[in-house]
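See structure below.
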Amino acid sequence: MSDTVDVAVVGAGPYGLSLAAHLRAAGVDYRHFGMPMRLWQAAMPQGMFLKSEGFASNLSDPEGTHTLEAFCKETSRPYASNGLPVSLDTFVSYGQWFQSALGLAVEEALATGLTERDGGFELNLGDVERVLARKVVVAIGVEHFAYVPEPLSELPRELCTHSSAHTDLAAFRGQEVIVVGAGQSALESAALLHENGAAVQVLAREEKVVWGGEPLPLDRPLLQRLREPISGLGTGLGGWFYSNHPDLFRQLPQRTRVYRARTALGPAGAWWLRGRVEGQFPVMVGHAVTWAKPQDGRVRLGVTAPDGASRELEADHVIAGTGYRTDLTRLAFLPEAIRSRLRTVAGSPVVGRDYQSSAAGLYFIGPAVAPTFGPVMRFVFGTWHAAPVVARQVAAVSGRRPRPAVAASR
Ligand SMILES: Cc1cc2nc3c(=O)[nH]c(=O)nc-3n(C[C@H](O)[C@H](O)[C@H](O)COP(=O)(O)OP(=O)(O)OC[C@H]3O[C@@H](n4cnc5c(N)ncnc54)[C@H](O)[C@@H]3O)c2cc1C
């Protein structure tokens with residue numbers, strides 16, 4: 001394998017880009033594939049804001065210099081570490097700036113196949129190319145794992161879509177839309193639909209909508225700061241533990257990890273979204289969808305109310321803001337021969353403390369490994385753990401010397 005690179009990185013979202021920054025600085029011979037920041041450009045609605053605070057939305061680089069704050073300063077955008085929601089547009093531009101300022105070459109191609117070969121891997125990129133790599137890091141995020149529960153999943157696409165299918169919710173102007181879910185995606189999609197002239201109602205099986213609290217002042221008395229610390233995943237001891245101690249989280253019993261990875265921090269709406277939802281349009285909590293069917297070009301839903309009563313609702317369209325569930329069988333480029341060797345839990349690969357799966361040389365980072373390292377992996381903040389750990393590990397194995405840091409284009 002003379003033309004073999006040490007590492008192939010698959011995926012160019014926050015995790016892939018952060019890893020590339022660390023690999024480049026460590027002098028590792030790598031190639032990087034994927035569509036930079038694609039989820040954020042192609043699967044989120046215009047007008048959206050991030051739920052994470054400014055300081056918790058930094059991609060990870062070894063020097064810690066290429067922060068969202070540095071980007072905003074350079075481009076004269078407003079920024080605050082806490083209390084000023086980050087717009088989707090700013091975050092996408094930040095990711096692109098991070099890539100170019102750090103000189104990270106990403107080849108815009110998708111992995112279509114992976115085979116084990118000579119102790120390493122052969123990565124197929126469509127009909128275009130085959131790349132030989134000693135190690136492969138999979139950082140494909142959530143785009144393959146959009147989850148629509150039954151019975152909504154049985155509806156045709158013209159009548160029911162996942163929230164990730166829409167970048168322009170103004171397309172629903174003048175239509176009746178039911179949004180299912182009580183998390184940030186569902187609530188923010190509903191607010192944007194309403195603000196863009198759709199008649200919207202939210203349907204949630206949860207008994208109430210949970211709202212995040214407004215950011216706490218940074219200069220609180222010490223005791224309050226100890227009791228309710230501010231962390232990358234919000235305020236409170238739980239968020240602090242998940243944000244700062246993914247290694248300890250990994251030591252928890254598997255059942256606890258799986259449960260916490262799925263349920264911690266949600267579903268909930270951001271503090272700044274509350275006023276755009278409450279009193280603006282109907283939010284029916286405690287309602288479960290029991291059946292769904294098309295009728296005369298519209299959709300009819302059967303729902304059960306909290307008191308057990310059944311009722312029917314009708315709309316032009318249903319948007320399922322029902323999140324993502326990792327399921328490796330949906331990764332078309334991962335063949336059965338490799339998948340069958342992966343230990344999994346809750347559809348996700350089990351990884352060791354270096355993010356290596358049970359197939360030696362194959363690593364996973366990002367939301368797919370939340371059942372191992374915890375809910376922080378579902379957020380950009382988790383790049384600060386995953387990227388340096390994996391880069392250190394592969395650099396140590398390949399024995400490369402660090403490259404000088406790249407100066408930002410400032
Ligand atoms: C609506 C919404 C709002 C969110 N808001 C926040 C927030 O405020 N704060 C926060 O921290 N997190 C938020 N998240 C979570 C967010 O998904 C993760 O934080 C982050 O995107 C994970 O980064 P990633 O690099 O793992 O994946 P992604 O950003 O999903 O990137 C995946 C990459 O993989 C590539 N890829 C996929 N398949 C292939 C293939 N076959 N070959 C090559 N490349 C491939 C894609 O092109 C892309 O480059 C939000 C998620 C959603 C859906």
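Note that these values count all heavy atoms, side chains included, but never hydrogens, waters or copies made by symmetry. Remember, it's 1-based here, ligands and their atoms both numbered in the order they're listed.
- Between L301 and L152 there is a side-chain heavy-atom pair separated by less than 4.5 Å.
- Judged as a ring pair (Phe, Tyr, Trp, His ring centres under 6.0 Å), and not counting sequence neighbours, the contacts of H162 are Y324.
- Between H166 and H317, the ring planes are perpendicular. Angles over 60° get that label, and only those under 30° would be called parallel.
- Between R77 and T90, the side chains place a donor N or O and an acceptor N or O closer than 3.5 Å (distance only, hydrogens not considered).
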Please tabulate, one line per pair, the protein N or O atoms found under 3.5 Å from any N or O atom of ligand 1, giving the distance to one decimal.
| from | atom 1 | to | atom 2 | distance (Å) |
| --- | --- | --- | --- | --- |
| ligand 1 | 8 (O) | K51 | N | 2.7 |
| ligand 1 | 8 (O) | S52 | N | 3.2 |
| ligand 1 | 8 (O) | S52 | OG | 3.3 |
| ligand 1 | 9 (N) | S52 | OG | 2.8 |
| ligand 1 | 11 (O) | V380 | N | 2.7 |
| ligand 1 | 19 (O) | R378 | O | 3.3 |
| ligand 1 | 19 (O) | V380 | N | 3.3 |
| ligand 1 | 21 (O) | W40 | NE1 | 3.1 |
| ligand 1 | 25 (O) | P14 | N | 3.2 |
| ligand 1 | 25 (O) | Y15 | N | 2.9 |
| ligand 1 | 29 (O) | W40 | NE1 | 3.3 |
| ligand 1 | 38 (N) | H144 | NE2 | 2.8 |
| ligand 1 | 41 (N) | A111 | O | 3.2 |
| ligand 1 | 42 (N) | A111 | N | 2.8 |
| ligand 1 | 47 (O) | M35 | N | 3.0 |
| ligand 1 | 47 (O) | M35 | O | 3.3 |
| ligand 1 | 49 (O) | A12 | N | 2.9 |
| ligand 1 | 49 (O) | G13 | N | 3.4 |
| ligand 1 | 49 (O) | M35 | O | 2.6 |

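- A ring-centre distance under 6.0 Å is not found for Y30 and H22.
- Of the inter-residue distances, the one linking L59 atom CG with F381 atom CZ reads 12.5 Å to the nearest 0.5 angstrom.
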